[in-house]
Amino acid sequence: QVQLEESGGGTVQAGASLRLSCVVSSRRFSSYTLAWFRRAPGKAREFVAGLRGGGSSLRYGNSVRGRFTISRDNAQNTVYLQMNSLKPEDTAVYYCSADREYSGSWDAEDMDYWGKGTLVTVSS
């Protein structure tokens, strides 16, 4: 059973930075496509950032491009989301996800495994 556990959420002021971490319990971690999604109160789930197995391809959602950075440490089975210049509209529960094989899209429905989420609150 593959498990994902996020950490690093919290409450910060606008303009601050946070780094989210997600540990994935799988020996195949290095081959997984990894992604972060978020769900803000009253809104649909949104793709934030994705990183294919091998780290050869990155993708960011339009609302976070230039402010957020996704990265992975295969030795630690961990994926990170560095969030800079945070805005109140970034307030959401952030979810880590993993896909055994990249399907060609970043749709949430294509991800195989999910964490329980970590809350990020950005005050103005």
Side-chain angles (χ1 to χ4, degrees):
Q1 181 74 13
V2 177
Q3 294 184 328
L4 286 71
E5 184 170 0
E6 304 97 336
S7 62
T11 299
V12 297
Q13 291 189 330
S17 298
L18 275 178
R19 188 177 79 159
L20 305 183
S21 300
C22 174
V23 178
V24 181
S25 63
S26 173
R27 295 180 178 181
R28 296 185 55 200
F29 175 83
S30 62
S31 67
Y32 285 172
T33 288
L34 304 165
W36 290 91
F37 291 79
R38 68 185 182 186
R39 186 188 296 274
K43 295 188 177 181
R45 183 168 46 191
E46 176 188 13
F47 170 78
V48 175
L51 176 60
R52 290 184 58 181
S56 61
S57 178
L58 298 172
R59 181 75 177 269
Y60 292 97
N62 291 334
S63 60
V64 306
R65 187 175 294 112
R67 298 188 297 124
F68 290 11
T69 303
I70 187 172
S71 62
R72 67 194 299 162
D73 183 341
N74 290 335
Q76 299 295 325
N77 276 29
T78 302
V79 57
Y80 301 100
L81 184 68
Q82 177 67 43
M83 307 185 294
N84 298 330
S85 302
L86 283 162
K87 304 175 181 180
E89 50 264 44
D90 293 318
T91 294
V93 177
Y94 284 73
Y95 298 91
C96 172
S97 63
D99 190 357
R100 289 169 295 183
E101 186 173 348
Y102 180 60
S103 62
S105 73
W106 295 104
D107 292 338
E109 291 73 16
D110 292 328
M111 306 306 288
D112 295 316
Y113 309 110
W114 290 87
K116 294 181 179 180
T118 185
L119 177 62
V120 173
T121 303
V122 184
S123 60
S124 58

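- Residues forming a salt bridge (charged side-chain N to carboxylate O under 4.0 Å, His left out) with Asp110 (at least two apart in sequence, or on another chain): none.
- Scanning all heavy atoms of the two residues, the minimum distance from Ala35 to Met111 falls at CB-CE, 3.9 Å.
- A search for side-chain hydrogen bond (donor to acceptor under 3.5 Å, both in side chains) contacts involving Asp73 returns nothing, not counting sequence neighbours.
- A donor-acceptor pair under 3.5 Å is absent between the side-chain atoms of Glu5 and the main chain of Gly115, judged by distance alone.
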- Begin with the C-alpha distance, continue with both residues' side-chain angles, and end with the deciding distance and a verdict on side-chain contact (heavy atoms from CB on, under 4.5 Å) for Phe29 and Arg72. CA-CA 10 Å; Phe29 175 83; Arg72 67 194 299 162; 4.0 Å; yes
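- For the salt bridge (charged side-chain N to carboxylate O under 4.0 Å, His left out) condition, no pair includes a residue of residues 17-36, sequence neighbours left out.
- Residues Thr118 and Leu20 have side chains in contact (heavy-atom distance under 4.5 Å, counting atoms from C-beta outward).
- For the 3.5 Å distance criterion, the side chains of Ser63 and Glu89 fail to qualify, holding no donor opposite an acceptor.
- Atoms CG and OG, on Leu51 and Ser57 in that order, are 8.0 Å from each other to the nearest 0.5 Å.
- The structure places CG of Leu34 at 9.0 Å from CG of Asp99, a figure rounded to the nearest 0.5 Å.
- With sequence neighbours excluded, the residues that form a side chain to side chain contact (heavy atoms under 4.5 Å, CB included) with Val12 are Ala16, Leu18, Leu86, Val122.
- Heavy-atom minimum distance, Pro88 versus Ala14: CD-CB, 4.1 Å.
- Partners of Thr69 by side chain to side chain contact (heavy atoms under 4.5 Å, CB included), not counting sequence neighbours, listed by chain and number: Tyr60, Gln82.
- Among all heavy-atom pairs drawn from Val120 and Gly9, the shortest one is CG2-CA, 4.1 Å.
- Considering only residues two or more places apart in sequence or on other chains, Trp114 meets the ring-ring contact (aromatic ring centres under 6.0 Å, His included) condition with Phe37.
- Residues Val79 and Cys96 are in side-chain contact: their nearest non-hydrogen atoms beyond the backbone lie under 4.5 Å apart.
- Applying the side-chain hydrogen bond (donor to acceptor under 3.5 Å, both in side chains) rule to Thr121 yields no partners; only residues at least two apart in sequence or on another chain are considered.
- Applying the side chain to side chain contact (heavy atoms under 4.5 Å, CB included) test to Ala40 and every residue at least two apart in sequence or in another chain returns Lys43, Ala92.
- Here the closest non-hydrogen pair linking Thr78 and Ser21 is CG2-CB, 4.2 Å.
- Qualifying side chain to side chain contact (heavy atoms under 4.5 Å, CB included) partners for Gln13, counting only residues two or more places apart in sequence or in other chains: Ser123.
- Side-chain contact between Val48 and Leu81: present, with at least one pair of heavy atoms (C-beta onward) separated by less than 4.5 Å.
- Counted within 6.0 Å of CZ on Arg59, heavy atoms from surrounding residues, nucleotides or ligands total 12 or fewer; the atom is thus considered open.
- Here Asp112 pairs with Arg100 under the side-chain hydrogen bond (donor to acceptor under 3.5 Å, both in side chains) rule; sequence neighbours left out.
- Scored by the side-chain hydrogen bond (donor to acceptor under 3.5 Å, both in side chains) test, Asp90 finds Arg38, Arg67 as partners (sequence neighbours excluded).
- Residue pairs satisfying the ring-ring contact (aromatic ring centres under 6.0 Å, His included) criterion with at least one member in residues 74-108, sequence neighbours excluded, are listed as follows: Phe47-Trp106, Tyr102-Trp106.
- Separating the CG atom in Asp107 from the CZ atom in Arg45 is a distance of 10.0 Å, to the nearest 0.5 Å.
- Side chains of Tyr32 and Arg52 form no contact here, defined as non-hydrogen atoms less than 4.5 Å apart.
- In this structure, Asn77 contributes its side chain and Ser25 its backbone to no donor-acceptor pair below 3.5 Å.
- Side chains of Cys22 and Trp36 form a contact here, defined as non-hydrogen atoms less than 4.5 Å apart.
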